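Here's the structure we're looking at; comments come further down.
If you're wondering where the values come from, they're calculated on a predicted model, not measured in any experiment. Proteins get letters first, then strands, A, B, ... in listed order; numbering begins at 1 in each.
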Amino acid sequence: SQTIHQWPATLVQPVGSPLSLECTVEGTSNPNLYWYRQAAGRGLQLLFYSVGIGQISSEVPQNLSASRPQDRQFILSSKKLLLSDSGFYLCAWLDRGNTEAFFGQGTRLTVV
Amino acid sequence: GENVEQHPSTLSVQEGDSAVIKCTYSDSASNYFPWYKQELGKRPQLIIDIRSNVGEKKDQRIAVTLNKTAKHFSLHITETQPEDSAVYFCAASIVNSGYALNFGKGTSLLVTP
């Protein structure tokens, strides 16, 4: 069966520090991968999506970047975090044979 | 891009009553409309979905209706229970964006005993 791993679960980082969040998917190949951010009490905002290795599309301009070095690995990064980067970050994957998206457990990032 | 509007933002009902959440979307090419339930601090979980070739779908106490002409879809929960309390998100697929789901802002549902 397919599973999605996302880590870490929680993270507290100072302003100006770098960020790296990792997401991996097992049990499927060539998935579509996504990064969403959820601010406290708000909806899910699509940040990046990827339809293949090295293919990244950004939905909103921001202080973050994404990379897909391997088929089932999706990384969210920042060189210098801002206070406004705080939030709940969710990785998701979609099997192209279906349209249902499955979410990772999420990373709660607090920038202090 | 796709814009999904969701109402209401908060909804309080008594146990046993029905709850209805409504969403509209802007991209007429969207063809997949899921609903996710998110409990506090947890990941969203799919509860029901509907595709554009269907007008209504039901799964026990949960039903979803879709009006493609008007570009709106709704979630109906009957005989609500306290464990139904959560945040519910509607979404629409963006055909030209890697099938990414564009979410509404969510509805916080509270079911009081």
**Request:** Sort A/L44 into side chain, backbone, both or neither according to what part of it lies under 4.5 angstrom from a heavy atom of chain B.
**Result:** both
**Request:** Would you please say whether a donor-acceptor pair under 3.5 Å links the side chains of B/Q38 and A/Q38?
**Result:** yes
**Message:** Using heavy-atom distances under 4.5 Å, tell me whether B/P44 contacts chain A through its side chain, its backbone, both, or neither.
**Reply:** both
**Request:** Could you check which of A/A101, A/A92, A/S57 has the highest count of heavy-atom pairs closer than 4.5 Å to chain B?
**Result:** A/A101
**Request:** With A/R37 as the cation and A/Y89 as the aromatic partner, state whether NZ or CZ is under 6.0 Å from the six-membered ring centre and within 45° of the axis.
**Result:** no
**Asked** Do A/F88 and B/L46 share a hydrophobic cluster (ILVMFWY, side-chain heavy atoms under 4.5 Å, transitive)?
**Response** yes
**Message:** Taking the basic N atoms (NZ, or NE/NH1/NH2) and the acidic carboxylate oxygens, is any pair closer than 4.0 Å for B/R61 and B/D84?
**Reply:** yes
